[in-house]
Number of protein chains: 2
Amino acid sequence: MSEAPLTISDRIQEKLDDLTRAERQLAHSILENYPASGLGPLTALAKDANVSVPTVARMVQKLGFKGYPDFQSELREELKAKAKDPIEKHDTWAENAPSEHMLNRFTDAVIDNIRHTLGQIDPKGFDEACALVADDQRHLYIVGGRITHTLAEYLFLHMQVIRPKITHIQSTSNTWPHYLLDVKEGDVFVIYDVRRYENNTLKLAEMAHAQGAKIILFTDQWRSPVHQLADISLSSRIVVPSAWDSAVTTMLLTETMISAVQNLSWGDTKERMEELEEMFDQTKLFRKFT
Amino acid sequence: MSEAPLTISDRIQEKLDDLTRAERQLAHSILENYPASGLGPLTALAKDANVSVPTVARMVQKLGFKGYPDFQSELREELKAKAKDPIEKHDTWAENAPSEHMLNRFTDAVIDNIRHTLGQIDPKGFDEACALVADDQRHLYIVGGRITHTLAEYLFLHMQVIRPKITHIQSTSNTWPHYLLDVKEGDVFVIYDVRRYENNTLKLAEMAHAQGAKIILFTDQWRSPVHQLADISLSSRIVVPSAWDSAVTTMLLTETMISAVQNLSWGDTKERMEELEEMFDQTKLFRKFT
DNA sequence: ACTTTGTTGTGATATATTTTTCACAATTTT
DNA sequence: AAAATTGTGAAAAATATATCACAACAAAGT
């Protein structure tokens, strides 16, 4: 058995549990841009990971190296070996799996979906959609179908924090006619509908449209019939090597929308502060969970 | 247009004619296993190339670097950049939007997450997890938290079609102690837990573990504490330019699992046929929609 | 063959960095 | 409150780098 020669990356990950908080933080920093950061001076690495110099020194020894230079020289060996290896031809995603492995095939397809989807999207329309969703003068209704209600709820959960006046409707439930009574002109519907397109969803969209609501539609490349009524359609490619369709791209657009709406709601000034706070928050989390 | 930023390798080759014999010898040695040898100590490089130390020092300056350390740090930069590149290639995703547009920034981050995640995943563990989930002798419990229950439900909805004996538990609900009564040794728990990790989820995992259940954990790069109890952990990078974390990569893994489990459930014989058919199918689709 | 000219290695040395350790205080975790 | 972890600042030890002068060498032209 010619076993995989156990890279340093592997070794780090294995030991991850035996490491202390600061060490783990350092480990992640090393893996973050591997192996480049490990090849620089120890001091730089320490600063990069926001840990002290002794922490680095202590850890490399914990990992079983004689010292930092020893660690580095093994890293270089590894790099040398990898450069010789012909495996990297087709960049596989999961390097340790053959390219026919489901992990690689699936990911290939998803990346392809993302590329196609983003390549064809209309940024203006997207921005308009975000603006509509961000406008808390309008009541926001979020609608999903049998499967897509999970995406709808995902959007709902986040919007709940960002703005008031939102409702999550499941088109497959029979309670939704209720909600429609209250719909006012100018309210916004975010509707998820991918194949197989659901009749209920279409009906719901029609009624909403009839009441003068704006409709933003998340759909697939073949476009749900709701498309006819929608003010803005965002269609994603959803084809993967599976018996089912992929919701990954749709979720990507959804998350992007969440982020964009958040920014709009907070105003330009706070945007940067938020980014900072995020980083800070992240650091705190590192400290908290050891 | 932003041309490729001229690697050090390029620079060396360009200057090759201006170099003297020993320097050329050195240059070739550097290119021989590039960039590894350039990242070691100057002395080692000199010995490797069978040239003297001053020759190396003289050459790096001739190449326009301030000194050997300068040369090295540029090499590291290059390596870092290259590691990021394989598919990203700085082609902006939404071509009609500027690269600072949220669509592009967000997608960049997500692709990066996917690459990191897949790069570090253990395919063996993944396969084992799929086998466990596919085994319909075992009852399958799917658990999600406040946000992640949407992912859990997504998995649940698909598994429902593929196999019997599954239950979707929401860790935030107070009904879950009920279910645990029925858990038998060998049953399987698929648990979603990303930061901020939920106490309920941990408790639930502990009880499941105590009853001898297998645990498969979907978590983030920092790993939920449930990790300690899990038989298999699948961790995803979740960092995006947003106030929230991204679930896209986790969903990608989930969908991949669904697809893999589906294949397993159809029996070994049909598996390959199906794969072929899939590929064929995929090709057809490519032709159709391009 | 004999310069001439430019290149290269040697050995030595000064400088600059880096690594490794310490002791101790601050902090966090148990 | 005790134990473990981490950062600080400093210093010592170890390496690495940059240079120098000079001799050895090689190639080119005379």
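Below, read A as the first sequence line, B as the second, and so on, with proteins coming before strands; counting in each chain starts at 1. Computed from a predicted model, the values in this text were never measured in an experiment.
A salt bridge is absent between Arg146(B) and Glu198(B): the closest approach of a Lys/Arg side-chain nitrogen to an acidic carboxylate oxygen does not fall below 4.0 angstrom. The pair Arg115(B)-Asp112(B) meets the salt-bridge criterion, since a charged nitrogen lies less than 4.0 angstrom from a carboxylate oxygen.
In this structure, the CG atom of Asn50(B) is 17 Å from the C1' atom of dT7(C), given to the nearest Å. Rounded to an integer number of Å, the gap from CZ of Phe65(A) to C1' of dT19(C) is 16 Å. Atom CZ of Arg24(B) and atom P of dT7(C) are 11 Å apart (whole Å). Rounded to whole angstrom, the span from the CG atom of Leu26(B) across to the C1' atom of dG9(C) amounts to 14 Å. Atom CD of Gln25(B) and atom C1' of dA26(D) are 14 Å apart (whole Å). The CZ-P distance, from Phe71(B) to dA18(D), rounds to 11 Å in whole Å. Going from atom NZ of Lys62(B) over to atom P of dT19(D) covers 15 Å, rounded to whole Å. At whole-Å resolution of the value, CG in Asp18(A) and C1' in dT5(D) are 15 Å apart.
Nearest-nucleotide assignment on DNA chain D puts the 5′-proximal partner with Arg58(A), out of Gly40(B) and Arg58(A). In this structure, Ala57(B) and Ala22(A) both approach DNA chain D, and ranking their closest nucleotides by distance from the 5' end singles out Ala22(A).
Using bins of under 30°, 30° to 60° and over 60° for the plane-to-plane angle, the ring pair Tyr192(B)/Phe218(B) lands in the parallel bin.
For the pair Arg11(B) and Phe65(B), the cation-pi test (distance below 6.0 Å, angle within 45°) is passed.
The listed nucleotides are dG9(C), dT10(C), dT8(D); the one nearest the side chain of Pro54(B) is dT10(C). Distances were taken from every side-chain heavy atom of Val53(A) (C-beta onward) to each of dT17(D), dG9(C), dT20(C); the shortest belongs to dT20(C). Nearest nucleotide to the side chain of Arg21(A), out of dT6(D), dT19(C), dT17(D): dT6(D). Side chain of Thr20(B), nearest nucleotide from dT6(D), dC20(D), dT8(C): dT8(C).
A close approach under 4.0 Å does occur between a side-chain nitrogen or oxygen of Gln61(A) and OP1 or OP2 of dT21(C). Of the side-chain N and O atoms in Thr55(B), one or more sit less than 4.0 angstrom from OP1 or OP2 of dG9(C).
Here Asp70(A) lies out of heavy-atom contact (under 4.0 Å) with every strand.
Note that CG of Leu132(B) and CZ of Phe189(B) are 13.5 Å apart. Values are rounded to the nearest 0.5 Å.
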